[in-house]
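Data block below; observations after.
Given the structure is predicted, the values throughout are model-derived calculations rather than measurements.
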Amino acid sequence: ILGYRYSLPIGAGLSVNGYEGNNRASVGPLRCQIIDRWAPTNPGIGESNWVYKGSGSIIENNRHITDFLNEFIASHNDIAHWYAISEDYQLLKSRDSLGLIKGLIAGGIGYRFVIKQASWNNPSSNGTMTIKSTWINQNYGKLNAIAPIKWFLTDINGKDYCNGIDSGSAMNQTGNYWRKNNVYKMVYNLSIPKYIPSGIYGVRVAMVNTTTKKLPYIRLGIKGMDGQGRYRLGTVQIGNSSKTNPMQ
C-alpha cells in the first residue's frame, strides 16, 4: 500500500496480472479501486498466461482472446500482453485470430489518433493562417508522452516553406493523455513569412517528437501520409483571397 501511495502520484505504471484466473468481479475491491483511481492518468499493462490444458484451462472454460481484451479494457489497460508455449500459441492463432485482430483495429487496444476536420483561411504573405481542427482518439489506450501537432506549408512536391508546432494545446499537457471518446478542438495561428510568394500551397500535419525531430512520431489513423510522415490535408491560397478552406 505504501508503494502505491508514493509511486502512483509521480506517474508509476500499473501492471495488472493474472487474468486467466481473475476478472474485475473476483480481484477484490482494493485492486479495482487502485485501477479506477489511477488508470485515467497513469500508463497500464494487462498480462495473462495462456494455459490451454488441464484444470481451469481456457478451453475448459470456453474462453477466447476477445474475452481477455474486454477485461483489459474494463481495467483501463493501454497495452495487452500474453505469453504461451508454442503448442498453445498455434491453437491461439487458429482459434482466436479474430480476437487478435480486434486488438489492432479501430476501437481496440492502444491508441489511434484521427483528425476529424480542419479548416483555415487564405492568408497574405506576412499574415496569419488560422487553422481550426478537431481530433479524437478512437482506441482505448492513452498517449503517455508529449507529441505535439506540427503544421506544414509545402509546395506541390512536399518542399517545406514554413511550419509551426502547436505546443500549447490541452492534449500536450501532463495529465490529459488524449483520452478515448474526448473530442479535442484546436486553433493554431501559423505565421506566414513575408518572403513566401503568392500561390497555392499544400497543408500537411504530423505528430512529432520535439526532442529527436523524428517524423512521424505517432502515425495517424487517416490516409494521405507522405514519404516524410506528414499527412496531406488540402491546399491554401497565399495572397489574394481570405476565404476559408475545408480539409480535403
Distance, nearest 0.5 Å, that separates CG of Asn122 from CD1 of Ile200: 9.0 Å
Assess whether side chain to side chain contact (heavy atoms under 4.5 Å, CB included) is satisfied between Leu233 and Ile115, documenting all intermediate values. CA-CA 10 Å; Leu233 301 183; Ile115 178 170; 4.0 Å; yes
Within the side chain of Asn137, is there an N or O that forms a donor-acceptor pair under 3.5 Å with the backbone of Arg112? yes
Could you tell me if the side chain of Leu8 sits less than 4.5 Å from the side chain of Arg37, heavy atoms only? no
Closest approach of Val114 to Gly221 (non-hydrogen atoms, all atoms of both residues): CG2-O, 3.8 Å
So Trp38 and Leu14, side chain to side chain contact (heavy atoms under 4.5 Å, CB included) or not? Walk me through it. CA-CA 8 Å; Trp38 294 102; Leu14 292 166; 4.1 Å; yes
For residues Pro43 and Gly11, report the shortest heavy-atom separation together with the two atoms involved. CD-O, 3.9 Å
Using a 4.5 Å cut-off on heavy atoms from C-beta on, say whether the side chain of Asn126 contacts that of Pro193. no
Leu153 versus Asp160, closest heavy-atom pair with distance: O-OD1, 3.5 Å
So CH2 of Trp135 and NZ of Lys185: to nearest 0.5 Å the spacing works out to 13.5 Å
Same cluster or not: Tyr195 versus Ile238, using hydrophobic residues (I, L, V, M, F, W, Y) connected whenever any side-chain heavy atoms lie under 4.5 Å apart? yes
So which heavy atom on Asn121 is nearest to which on Thr130, and how close? OD1-N, 2.7 Å
Hey, does the side chain of Asp155 reach the backbone of Gly202 with a donor-acceptor pair shorter than 3.5 angstrom? no
Apply the test side chain to side chain contact (heavy atoms under 4.5 Å, CB included) to residues Ile131 and Val187: give CA-CA distance (whole Å), side-chain angles for both, the deciding distance (0.1 Å), then the verdict. CA-CA 6 Å; Ile131 306 170; Val187 178; over 6 Å; no
When rounded to the nearest 0.5 angstrom, what is the spacing between CD1 in Ile222 and CZ in Phe113? 13.0 Å
Heavy-atom closest pair (Ile196 atom, Ile192 atom, distance to 0.1 Å) is CD1-CG2, 4.2 Å
State whether Lys150 and Asp166 are salt-bridged, where the test is any N-O pair (Lys NZ or Arg NE/NH1/NH2 against Asp/Glu carboxylate O) under 4.0 Å. no
Spatial distance of atom CE (Met186) from atom CD1 (Ile149) [nearest 0.5 Å]: 3.5 Å
Taking the six-membered ring of Phe152 as reference, does the NZ or CZ atom of Arg230 fall below 6.0 Å from its centre and within a 45° cone about the axis? yes
Can Lys159 be said to sit on top of Tyr161's aromatic six-ring, NZ or CZ under 6.0 Å from centre and within 45° of the ring axis? yes
Within the 4.5 Å heavy-atom criterion, are Tyr4 and Ile34 side-chain neighbours or not? yes
Can you give me the closest heavy-atom contact between Gly158 and Gln228, atom names plus distance? O-NE2, 4.1 Å
Give a yes or no on whether Val205 and Ile156 share a hydrophobic cluster (residues Ile, Leu, Val, Met, Phe, Trp, Tyr; joining criterion: side-chain heavy atoms under 4.5 Å apart). no
Counting only N and O atoms by type, is there a donor-acceptor contact under 3.5 Å from the side chain of Tyr231 to the main-chain atoms of Leu220? yes
Could you see if Val183 belongs to whatever hydrophobic cluster contains Ile218? Use Ile, Leu, Val, Met, Phe, Trp, Tyr and a side-chain cutoff under 4.5 Å. yes
Just verifying a value: how many Å separate Ile45 CD1 and Glu47 CD, rounded to the nearest 0.5 Å? 8.0 Å
Quick one: do the Asn189 and Thr128 side chains pair a donor with an acceptor below 3.5 Å? no
So how far is it from Trp120 CH2 to Ser133 OG, rounded to the nearest 0.5 Å? 9.5 Å
